[in-house]
*Asks:* 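This is the structure I want to talk about, given as structure tokens.
Residue numbers start from 1 in every chain, and the chains themselves are labelled A, B, ... in the order their sequence lines are given, proteins ahead of strands. A quick note: this is a predicted structure, and the numbers were derived from the prediction, not measured.
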Amino acid sequence: MALQAESETASDGYPPFEGAPTEVGVDRAERLLAGLNDPQREAVRHGAGPLLVVAGAGSGKTRVLTHRIAYLLATGEARPGEILAITFTNRAATEMRERVEDLVGGSARAMWLTTFHSACARMLRVHAEHLGYGRSFTIYDEADSLRMIKRCANEMEVDPKRFPARAIRAQISGAKNQLTDAAAYAGAQSGPFEEVVAKIYELYEERMVSANAMDFDDLLVCTVRMMEQFAEVRERWSQTFRHVLVDEYQDTNHAQYRLLQLLAGAHGDLMVVGDEDQSIYGFRHADIRNILDFDRDFPEAAVVKLEQNYRSTQTILSAANAVVEHNRDRRPKRLWTETTGGEPVQLSELSDEHEEARWVAGEIERLSSEEEVRREDIAVFYRTNAMSRVLEDTLVRFELPYQVIGGTKFYERAEIKDAVAYLSLIANPADQVSFGRVVNSPRRGIGRTSQARLASHANTTGSTIWDVAGCAEEVPGLGAAAIKTVSRFHETMEGLRARAESASVAELLEAILHETGYLEALEAERTIEAEGRTENLQELVGMAAEFDSNRQLEGEDELSPLEEFLQQISLYTQQDEIRDESVITLMTLHNAKGLEYDTVFIVGCEDGAFPHMRALEEGSEEEERRLCYVGMTRARKRLYMTWARQRRLFGRTSHNFPTRFAGELPEELTKRHESEAGRQTGWQAAGQSETGQPLDPGLTLELRTGDDIVHASFGDGVVTAVEPGGVVVVRFAEDGSERKLMADFAPIRKR
DNA sequence: TCTTCGCGGTATGGC
DNA sequence: ACCGCGAAGA
């Protein structure tokens, strides 16, 4: 087991080769198969046609993907430029590239080893004109797109209270991922909300084209549309990419599915790797049916199952299996490993989030001193980012170094967004949202009203916001002072734009920060926060400089350096964060996918938090369970799950019961632990009344508004509301507090 | 017309 | 804890 797991990251030791079908190549092909188990080998050697690899957690799927790529080259079935391998995150793409390079050397450069979104962006740059876009379109992140939605809603005089922009955006995003365009959506509308969305959808599309901007969904949707409408474009790419490989197929949505059909439909050389038990992106419109129905969509598809796990102990695997087997949407599958036994899964009950954090920190200290566990082999996972706060505070007090992956992202900081917006505006003068972001930042006295006039003039005349700013005196209603400042701003930006032709990205960025007065305004603030912002901006300049120097080496001709830099950072999020060595890692469960650690803590294992209430309301209990499965299977040797009876979140205290998934752990694989403080307060385990007798779940299900109940700890109360997901709201007589309880689990009784 | 201040509502997950 | 909004002051 150790042998294979270790060699995964190491080079296989062969010199690089260029994939010609020579005798040496054949020899190499054989050697590529040497370290693989039978199903892995079958997947790597698979001939032409569709292939589904159902790869359980830790079964070596990246190994199969990379070895298959190398194998295709070694046998001469593919040349490097014919390979398109798609992952979901940049992190996964980077890892794949490194490992392919280890196997085949420099020829990996000619391959597209990338994410769906950046592959689409790259293809769209080439053909943007087909869809009415310019090739230097800006990519809007969620916040940018939300701003645009708000503008549209405002313009349409939609009441933001009745129809929140976020809800509208979500609805439009959902439609796009189903490849439903504005016209089709309008035709199918069925209520006041949908009517509003239909109107805004149409205007939004229009405004996005005028701003020469695409949101994340557009990248996929536009690529699909382009290939559907222009046969020559489709043929060009499907002929280029004779071999398409997709990682994490269970997370594809409908648009991505359609894209793969268009790309690989003709030749059918499509290999998808995935695991329905790890499908955790339903909220992003991922469709688990894609993987479950793959062999129906592609009747001639071969299916290979990888069930041997090279990561975890049998105890951890059995526990994870036991949990996920409660799901219905899955193929029968059981992970196994050659190593038997292992430490039991430890389930700990703590009184509140502080005690939980102290307990985790204490256990980490104990592991480091008694068992010589290294800190970099330890990770703590939580369901929501907000839970990292208390953990961080506690780790600081314990003087345990840690890093947080995700959370507040570098690129979401206001000053970074401002700087990037300046760059975007220079690359794409039509970009209304970026213009709106920077025109009054630093403060120039161009407020809401003036901005609205500029935007409205641009929309009515059909010219770009940049050109409107260039002749501000023509804008109706704009005051004399505003005309002056806008013109000055336009002049400054024109100068910077001219500079962009020759300057490097870092030079341009520095010039922007100085000449627009941005840095000056920050310095004038004389606060600690402003200092931090300045440092962040310096960091960004440093990143640009690094980009510039790397680029001179690589040299890609399709895009200008500025455009490429912008594309990179708009499609890049926290996963490329510098991974610190020798510290404990904190992250959300979603972020944990694809990673592994010797020791894993999953904190906040409480019903309502995990599974999350919102998820339960949406009917995604199975997805939450998969998330649990993903978290558990990250652990190599030791797995801890903790829950807190009380937790303060967003200023409210919730009273909790352990996650339902804990109840699905086999007793013989679990070790339960309850804190001292826990015993003092005398609470009972979930699902039991004050007498220790389990409550009849059927009884609690019948609760209605107005029912009088008795709670084991809070005493008498009255049901004030019954919510979806088995939740009841109870107002207690003793202190007048209102609490949400899980009817099936709370120690309550009808009176 | 712009800015600042205080209020209330809202709060999963991430390319 | 954060944002957007309205009111009030400059």
Side-chain angles (χ1 to χ4, degrees), chain A residues 86-93 114-121 139-143 145-147 150 153-154 159-161 164-167 170 173 177 214-220 248 251-253 255-256 279-286 381-390 405-409 411-412 414 440-453 477-483 485 567-576 587-593 604 608-618 620 623-624 626-627 630-631 648-652 654:
Chain A
I86 303 182
T87 61
F88 269 81
T89 64
N90 291 304
R91 181 176 70 205
T114 183
T115 64
F116 267 107
H117 288 88
S118 44
C120 287
I139 298 167
Y140 278 0
D141 68 10
E142 204 137 310
S145 121
L146 197 63
R147 267 165 193 264
K150 280 179 183 164
N154 193 29
D159 178 7
K161 294 249 163 62
R166 281 175 64 98
S173 172
N177 280 290
M214 295 200 199
D215 61 28
F216 284 139
D217 300 323
D218 288 333
L219 292 175
L220 297 167
E248 309 278 15
D251 289 328
T252 51
N253 61 32
Q256 288 158 336
S279 169
I280 55 173
Y281 285 110
F283 69 89
R284 218 167 65 189
H285 312 109
F381 304 151
Y382 33 82
R383 178 64 178 82
T384 59
N385 278 310
M387 287 183 177
S388 73
R389 260 288 136 68
V390 177
I405 306 292
T408 324
K409 290 147 211 145
Y411 288 110
E412 283 174 18
N440 202 29
S441 176
R443 298 266 120 93
R444 295 187 179 90
I446 307 168
R448 274 169 54 111
T449 325
S450 305
Q451 282 181 47
R453 293 211 167 109
L478 205 62
I483 291 175
T485 32
Q567 171 163 324
Q568 218 177 71
I569 59 183
S570 53
L571 293 178
Y572 155 131
T573 44
Q574 79 287 352
Q575 72 286 322
D576 278 337
M587 68 180 94
T588 63
L589 285 156
H590 281 90
N591 250 314
K593 190 159 70 153
F610 181 40
H612 198 281
M613 273 261 270
R614 284 273 293 271
L616 291 175
E617 286 163 11
E618 287 165 15
S620 352
E623 181 157 308
E624 296 283 301
R626 290 192 288 268
L627 195 53
V630 166
R648 266 180 78 87
L649 214 55
F650 307 130
R652 292 180 93 93
S654 60

*Asks:* Taking the six-membered ring for Trp, are A:F283 and A:H612 closer than 6.0 Å centroid to centroid?
*Replies:* no
*Asks:* Using only side-chain N and O atoms of A:T449, determine if any of them is under 4.0 Å from OP1 or OP2 of B:dC2.
*Replies:* yes
*Asks:* Can you find a pair of side-chain heavy atoms, one from A:N591 and one from A:R91, that are under 4.5 Å apart?
*Replies:* yes
*Asks:* Quick check: do A:D141 and A:S570 have side-chain heavy atoms less than 4.5 Å from each other?
*Replies:* no
*Asks:* Using nucleotides 4-8 of chain B, report all nitrogen or oxygen pairs with the protein that are shorter than 3.5 Å.
*Replies:*
| unit_1 | atom_1 | unit_2 | atom_2 | d |
| --- | --- | --- | --- | --- |
| B:dT4 | OP2 | A:R443 | NH1 | 3.1 |

*Asks:* Can you see which heavy atom on A:I280 is nearest to which on A:K593, and at what distance?
*Replies:* CD1-CD, 4.0 Å
*Asks:* Between A:G447 and A:E624, which residue's closest nucleotide on DNA chain B lies nearer the 5′ terminus?
*Replies:* A:G447
*Asks:* What residues form a side chain to side chain donor-acceptor pair (under 3.5 Å) with A:Y140, not counting sequence neighbours?
*Replies:* A:D431
*Asks:* Measure across A:C120 and A:L220 and return the closest heavy-atom pair with its distance rounded to 0.1 Å.
*Replies:* SG-CD2, 3.8 Å
*Asks:* In whole angstrom, give the distance that lies between atom NE2 of A:H117 and atom C1' of B:dG14.
*Replies:* 10 Å
*Asks:* Rounding to a whole Å, what distance do you find between A:L146:CG and B:dG14:C1'?
*Replies:* 15 Å
*Asks:* Under 4.0 Å, counting only non-hydrogen atoms across every strand here, what does A:N440 touch: a base, just sugar-phosphate, or nothing?
*Replies:* sugar-phosphate
*Asks:* Does a side-chain N or O of A:N385 approach OP1 or OP2 of B:dG13 to a distance below 4.0 Å, or not?
*Replies:* yes
*Asks:* How would you summarise protein contacts on nucleotides 4-10 of chain C per nucleotide, using B for base, S for sugar-phosphate only and - for none, with heavy-atom distances below 4.0 Å?
*Replies:* S------
*Asks:* Could you go step by step and tell me if A:F216 and A:R284 meet the side-chain contact (heavy atoms from CB on, under 4.5 Å) rule?
*Replies:* CA-CA 11 Å; A:F216 284 139; A:R284 218 167 65 189; over 6 Å; no
*Asks:* Let's see if you can work this out: which of B:dC15, B:dG14, B:dT1 has an atom nearest to the side-chain heavy atoms of A:F216?
*Replies:* B:dC15
*Asks:* When you measure from the side chain of A:R453, which nucleotide among B:dG14, B:dT1, B:dT12 comes out closest?
*Replies:* B:dT1
*Asks:* Could you check how far CE of A:M387 sits from C1' of B:dA11, rounded to whole Å?
*Replies:* 13 Å
*Asks:* Which is true for A:F88 with a 4.0 Å heavy-atom rule: it touches a base, it touches only sugar-phosphate, or it touches nothing?
*Replies:* sugar-phosphate
*Asks:* Quick one: A:R284 CZ to B:dC15 C1', roughly how many Å, whole number?
*Replies:* 5 Å
*Asks:* Answer with base, sugar-phosphate or nothing: what part of the nucleic acid does A:S450 contact at a heavy-atom distance below 4.0 Å?
*Replies:* sugar-phosphate
*Asks:* Using atom types as modelled and distance alone, determine if a side-chain donor or acceptor of A:D215 lies under 3.5 Å from a backbone N or O of A:I139.
*Replies:* no
*Asks:* Relative to each other, are the rings of A:Y281 and A:H590 parallel, tilted or perpendicular (30° and 60° limits)?
*Replies:* tilted
*Asks:* So which nucleotide from B:dC15, B:dG13, B:dC2 ends up closest to the side chain of A:T115?
*Replies:* B:dC15
*Asks:* Expressed as a whole number of angstroms, how long is the span from A:R614:CZ to B:dT12:P?
*Replies:* 6 Å
*Asks:* Could you state the CD-C1' distance from A:E248 to B:dG14, rounded to the nearest angstrom?
*Replies:* 13 Å
*Asks:* When the distance from CD of A:E617 to C1' of B:dG13 is rounded to whole Å, what number comes out?
*Replies:* 15 Å
*Asks:* So, for A:K150 and A:A165, which heavy atoms are closest and what is the spacing to 0.1 Å?
*Replies:* CG-CB, 3.5 Å
*Asks:* With DNA chain B as reference, determine whether A:H590 or A:G479 sits nearer its 5' end, using the nearest nucleotide of each.
*Replies:* A:G479
*Asks:* Reckon A:E618 touches a base, only the sugar-phosphate, or nothing at all at heavy-atom distances under 4.0 Å?
*Replies:* base
*Asks:* Rounded to whole angstrom units, what separation is found between the CD atom of A:Q451 and the P atom of B:dT1?
*Replies:* 13 Å
*Asks:* Within the 4.5 Å heavy-atom criterion, are A:L589 and A:Y382 side-chain neighbours or not?
*Replies:* no
*Asks:* Using a cut-off of strictly less than 4.0 Å, decide whether A:T588 has a side-chain nitrogen or oxygen near OP1 or OP2 of B:dG14.
*Replies:* yes
*Asks:* Should A:H612 be counted as stacked on B:dT12, where stacking needs a ring-centre gap under 5.5 Å and an angle between planes under 30 degrees?
*Replies:* yes
